[in-house]
Amino acid sequence: MVTGGAGFIGSHLVDGLLNAGTEHVTVVDTFFLGSEANLRTAGRRSTGTLSIYREDAGDHVLMSEILDIEKPEVVFNLATKALLYSFLNPSGACQVNLSIALTLCELLRKGASTAWCTCPVPRSTAPRAMCRWTRITRCWPRPPTRPGRRQRISPWHRTFGCSIWTWSRSVPSTTTGHARTKGCSAAVVPLTIKRILANEQPVVEGDGTQTRDLIYVEDTVRALVAAATTPEARGLTMNVASGIETRIGDLVERICKVMGWTGGIRTDDRRRADVHRHMADVALASAMLGELSTTSLDEGLERTVDWYRRQGSEA
Ligand SMILES: NC(=O)c1ccc[n+]([C@@H]2O[C@H](COP(=O)([O-])OP(=O)(O)OC[C@H]3O[C@@H](n4cnc5c(N)ncnc54)[C@H](O)[C@@H]3O)[C@@H](O)[C@H]2O)c1
């Protein structure tokens, strides 16, 4: 099961799981930001391979019923109202993201499924044997939800012995790759590509020295699937990232180069909540899951640009 499976990483994960021979994948997504078009490739497979629920992963009753019907082996939680939405509606983002986490925690506590979904907290005491669910990935709009998340999730670990996994900040890092993204929630890579395709100047917010640890989406997916199929990974927190810092200014210049854009770059105000540096320590994840970032930044950008070019105005 992939919650948020119609979104960017989620839809690539659905394709990755099916390509790897998974018999059946269930998607739960409100389609708030996700798109049916992102699931088009998966939907072309034989009947019965993919179930799609246009539902809220934070609805306890519904999720309990869906889990009962689908009985997934693994739940990957990628449903979120992500970072950029939290700038528009911080309390709404908090509420949605927490309700999804609480729903999954409660279903974990009640043993509603044989799936494992990740949520481990302190590694030293996490009773791994009880970890039927291990949450594979989720990240939060960092500024508003970080404190709330920790306070609310830790009792499931402390009191009930559930293995709760909190991702560190940079997980799963900034992911490059293609997807149909809606409006203001698009990130720097698709925004830059789309601007250039529309013959508009790309934009760098701030002085461009802010850095991100970039990883190509198919590498992210491979790591998530590897984590789900590596028993020793249960209960651990791992950074799915490249371990390489890239300046946003350089990233935009590289996209311009890949696309042959010579019309200059516009600068805009820095986003106030922007994190200045991102670089993940990938030692644990690499040791556990193998090499993470096998696609170079330029190769990932070329593939992404190529995809947007082929989609034209549909993207
Ligand atoms: N894309 C990145 O670069 C990046 C970087 C770091 C962390 N992450 C994290 O990875 C996860 C997936 O990110 P993404 O880029 O694929 O985001 P996305 O916005 O493309 O996908 C999230 C999906 O969740 C769906 N959704 C929202 N609320 C829902 C709800 N209540 N119930 C069910 N579905 C709901 C949306 O419709 C969307 O399809 C998120 O937790 C995000 O914070 C992503």
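Whatever order the structure lists them in is the order used to number ligands and atoms, beginning at 1.
Checked by atom type and distance alone, the side chain of Asn239 pairs as donor or acceptor with a backbone atom of Asp281 at under 3.5 Å.
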Distance-only donor-acceptor hits, side chain of residues 253-266, under 3.5 Å, sequence neighbours excluded:
residue: Arg254; atom: NE; partner: Asp298; partner atom: OD1; Å: 3.1
residue: Trp261; atom: NE1; partner: Gly264; partner atom: O; Å: 2.8

Without placing hydrogens or testing angles, list every side-chain donor-acceptor pair under 3.5 Å for residues 2-9, not counting sequence neighbours.
residue: Thr3; atom: OG1; partner: Asn77; partner atom: OD1; Å: 2.4
residue: Thr3; atom: OG1; partner: Leu78; partner atom: N; Å: 3.2
residue: Thr3; atom: OG1; partner: Ala79; partner atom: N; Å: 3.3

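When every heavy atom of Val225 is checked against every heavy atom of Thr229, the shortest pair comes out as O-OG1, 2.8 Å.
Listed by number with element, the atoms of ligand 1 under 4.0 Å from a non-hydrogen atom of Asp56 are 30 (C), 31 (N), 32 (N). Near Ile100, meaning under 4.0 Å from any of its heavy atoms, are these atoms of ligand 1: 30 (C), 31 (N). Those atoms of ligand 1 that come under 4.0 Å of a heavy atom in Glu55, given as number and element, are 32 (N), 33 (C). Taking a cut-off of under 4.0 Å to the non-hydrogen atoms of Gly7, the atoms of ligand 1 that pass are 20 (O), 21 (O), 38 (C), 39 (O).
Of the options Ser11, Ala57, Gly34, the smallest heavy-atom separation from atom 32 (N) of ligand 1 is shown by Ala57. Summarising the contacts of atom 24 (O) of ligand 1 with Thr80, Ile215, Val96, the nearest heavy atom is found in Thr80. In this structure, of Phe32, Phe31, Phe8, Tyr85, the residue bringing a heavy atom nearest to atom 18 (P) of ligand 1 is Phe8.
For the pair Val25/Phe76, no side-chain contact is recorded, criterion being any heavy-atom separation below 4.5 Å from C-beta on.
Cation-pi geometry between Lys81 and Phe32 is met: the NZ or CZ atom falls under 6.0 Å from the ring centre, inside 45° of the normal.
By the 3.5 Å distance cut-off applied to N or O atoms, Ala79 is not counted among the residues near ligand 1. Considering backbone and side-chain atoms alike, Lys81 places every N or O at 3.5 Å or more from each N or O of ligand 1.
Ligand 1 lies less than 4.0 angstrom from a heavy atom belonging to Ala6.
With a heavy-atom cut-off of 4.0 Å, Thr3 does not touch ligand 1 at all.
For the residue pair Asn97 / Thr80, a side-chain donor-acceptor distance below 3.5 Å is found, with atom types taken as modelled.
Following chains of ILVMFWY side-chain contacts shorter than 4.5 Å, one cannot reach Leu104 starting from Leu62, and the two form parts of different hydrophobic clusters.
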